[in-house]
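Everything below concerns the one structure shown next.
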Amino acid sequence: MKKLYVKTYGCQMNAYDSARMADLLAPLGYAASDAPEGADMVILNTCHIREKAAEKVYSELGRLRHLKAENDGLLIAVAGCVAQAEGEEILRRAPQVDLVVGPQTYHRLPEMIARIARDGGHALDADFPALEKFDSLAETQASDISAFLTVQEGCDKFCTFCVVPYTRGPEHSRPPEAVLAEARALAANGTREIVLLGQNVNAYCGVDAAGRSWSLARLCDALAKIEGIARIRYTTSHPRDMGDDLIAAHGDNEKLMPYLHLPVQSGSDAMLDAMNRQHTAETYLRLVERIRAARPDIALTSDFIVGFPGESDADFEATMQLVRQVKYAGAFSFKYSKRPGTPAAAAKKQISEKVKTERLDALQKLLLQQQDDFNDAQIGHVLPVLFEKPGRNPGQVVGRTPYLQPVHADGDMALIGGIADVRIGARTVNSLKGVLH
Ligand code: 5AD
Ligand code: SF4
């Protein structure tokens, strides 16, 4: 058996891709290992979204160079969005790398490995043949109580700060039949919750064999009928693609969980316009109202960028104001980071690091307070928890509420894979504690 170490950076899509790469290499005799030391192959599945994420790859490659000095046979692969964006550059800066493979071509890994074994040298593949990849990936995955399922990839929105349209290519949806077949296979393997993934997942428009186009709401309805599937989630959504039927589904489809990640990025119309978000603060707030009308208890989360070029104190205050109005259950917030090739990187009025830090601190303080408030509001309530795994302490199981909050409870391991009512008792830093009801 050869050892494979995969290190994943970035989003859930990358986590999904990493698992698929491991599946793909299993027939070649590679078994997962949890450290690079002693591995026969290391894959860095990289993220290019912010500068820091991309830099980490080169420092990790520096460390791996020493491992390769000790083990000449070690294969080093760089996959994911840095591979897509910087292809040749990686091989130039880090000659210890054997393979570079983009997010749309990793199904060709076995063939690339065989080519290197035969001919030596390096291999690079970063095309965009979106359809081909899913056709050649194995359908079955390891048994997970909650499993990711990619339904859509790529982005045509071209927010001016973002590299995704360049690294992940144009929007593309998988046919509904393929998605449903994968979901059935997962359910047969013990999966109870499916998390549909896509860079713009709510723009999903898969075309079936009869030529009809399916919306995400319709796909969720069909998934809800699969025996064994108890919960459905989806991420990440764009406010522009939140269709009426999807909003309605949050009221009608009982398996669709009351949780929605709906990034707004900023509360200032001037910034939203400069970001090419194609919505205003007001249209976002109206949208939130309509979603809450369909599902009043829904947990809303978002992404924010502070210090976008030209952001004034008043623009930032508009973001704080929007946050106060919406009341989020959680959020990710970032300092604007210049990404090569994106329009905003060339903007003149870049914001100083000092101001970015101040704004991020203030925003994160507010968001964290809201997150704590949201979690505290569940104390004393009984919630259905889907148990996913054993806890850190013996005799403890860990699961999630419908609002995606992790819950620890004392209970039998036989609870794993099932949904049980839990009375929420207390909040710890990142999770809730409860007692089986
Ligand atoms: N700088 C900072 N944050 C960014 N994001 C995307 N691009 C950038 C950038 N250049 C954030 C956005 C997006 C999330 C995935 O990452 O908030 O929603
Ligand atoms: Fe990036 Fe905007 Fe597309 Fe989201 S919608 S992936 S932020 S370009």
Side-chain angles (χ1 to χ4, degrees), residues 8-16 46-56 80-82 84-85 103-104 128 130 150-173 197-204 216 234-242 260-268 271-279 283-284 287 300-311 316 319 322-323 326 328 330-347 350-353 355-357 359-360 363-364 367:
T8 308
Y9 302 82
C11 66
Q12 286 149 329
M13 190 81 83
N14 266 9
Y16 176 91
T46 62
C47 172
H48 202 240
I49 196 106
R50 285 170 294 275
E51 199 178 354
K52 252 194 210 156
E55 272 170 6
K56 277 188 201 155
C81 293
V82 176
Q84 187 68 46
Q104 297 299 347
F128 277 125
T150 297
V151 300
Q152 182 278 340
E153 279 194 281
C155 180
D156 302 329
K157 302 282 190 303
F158 291 93
C159 297
T160 55
F161 51 80
C162 187
V163 287
V164 167
Y166 311 97
T167 53
R168 290 276 175 167
E171 279 178 22
H172 159 76
S173 296
L197 293 183
Q199 264 93 28
N200 269 277
V201 72
N202 60 340
Y204 177 83
L216 188 67
Y234 60 92
T235 197
T236 288
S237 297
H238 192 291
R240 272 181 52 206
D241 295 314
M242 213 53 218
L260 178 62
H261 184 62
L262 194 65
V264 66
Q265 314 296 355
S266 168
S268 151
M271 291 301 103
L272 291 168
D273 188 45
M275 289 173 171
N276 189 31
R277 290 289 295 175
Q278 306 194 36
H279 61 79
T283 53
Y284 181 86
L287 178 60
L300 289 172
T301 62
S302 178
D303 293 341
F304 295 92
I305 295 178
V306 299
F308 186 79
E311 187 185 63
F316 175 65
T319 300
L322 180 137
V323 172
V326 174
Y328 287 99
F332 298 104
S333 45
F334 312 100
K335 293 180 193 173
Y336 169 70
S337 152
K338 269 185 172 179
R339 305 311 293 127
T342 59
Q350 299 290 334
I351 305 297
S352 74
E353 195 57 28
V355 170
K356 284 184 191 172
T357 304
R359 290 181 184 164
L360 188 68
L363 178 61
Q364 290 190 334
L367 289 166

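Order of appearance sets the numbers: ligands from 1, and atoms from 1 within every ligand. Predicted, not measured: the structure shown is a model, and the values here were computed from it. Just so you know, these numbers use all the heavy atoms, side chains as well, and skip hydrogens, waters and symmetry mates. Residue numbers run from 1 in the order of the sequence given.
- In this pair, Phe308 and Phe161 present their aromatic rings perpendicular. The plane angle is above 60°, beyond the 30 to 60° band.
- A donor-acceptor pair is defined here as one N or O able to donate and one able to accept, closer than 3.5 Å; such a pair exists between the side chain of Ser337 and the backbone of Glu51.
- Scanning the protein heavy atoms around atom 15 (C) of ligand 1, the nearest turns out to be Asp303 OD2, 3.7 Å.
- When the options Arg339, Glu51, His261, Gln265 are ranked by their closest heavy atom to atom 12 (C) of ligand 1, first place goes to Gln265.
- Around atom 2 (Fe) of ligand 2, protein N, O or S atoms at less than 2.8 Å comprise Cys159 SG.
- Under a 3.5 Å cut-off, the side chain of Arg50 and the backbone N or O of Phe334 do not form any donor-acceptor pair.
- The nearest protein heavy atom to atom 4 (Fe) of ligand 2 is not closer than 4.0 Å.
- Checked by atom type and distance alone, the side chain of Gln199 never pairs as donor or acceptor with a backbone atom of Glu153 at under 3.5 Å.
- Considering each of Val306, Thr342, Ile305, the one bringing a non-hydrogen atom nearest atom 4 (C) of ligand 1 is Ile305.
- The proximity of Lys338 to ligand 1, defined as any non-hydrogen pair under 4.0 Å, does not occur for either the backbone or the side chain.
- The main-chain N or O of Val264 is found under 3.5 Å from a side-chain atom of Ser302 such that the two form a donor-acceptor pair.
- Remark: Phe158 CZ is packed, more than 12 non-hydrogen atoms of other residues, nucleotides or ligands lying under 6.0 Å away.
- A pairwise comparison of heavy atoms in Val326 and Leu300 identifies CG1-CD1, 4.1 Å as the closest pair.
- Close approach of ligand 1 to Ser337 (heavy-atom distance below 4.0 Å) involves ligand atoms 1 (N), 2 (C), 9 (C), 10 (N).
- Remark: the backbone N or O of Cys155 is not paired with any side-chain donor or acceptor of Asn200 at under 3.5 angstrom.
- Scanning all protein heavy atoms for the shortest distance to atom 5 (N) of ligand 1 gives Arg50 NH1, 3.6 Å.
- Among protein heavy atoms, the minimum distance from atom 7 (N) of ligand 1 is reached at Phe161 CD1, 3.3 Å.
- We find that Lys157 and Glu171 are joined by a salt bridge, their nearest charged nitrogen and carboxylate oxygen being less than 4.0 Å apart.
- When hydrogens are left out, the protein atom nearest atom 2 (C) of ligand 1 is Lys335 O, 3.3 Å; that is the closest non-hydrogen contact.
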Task: Residues His238, Arg277; criterion side chain to side chain contact (heavy atoms under 4.5 Å, CB included); working and verdict - done: CA-CA 9 Å; His238 192 291; Arg277 290 289 295 175; 3.7 Å; yes
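- In terms of modelled atom types and a separation under 3.5 Å, the side chain of Thr283 and the main chain of His279 share no donor-acceptor contact.
- Of all atoms in ligand 1, numbered sequentially from 1 with element shown, those under 4.0 Å from a heavy atom of Ile49 are 5 (N), 6 (C), 7 (N), 8 (C), 9 (C), 10 (N), 16 (O).
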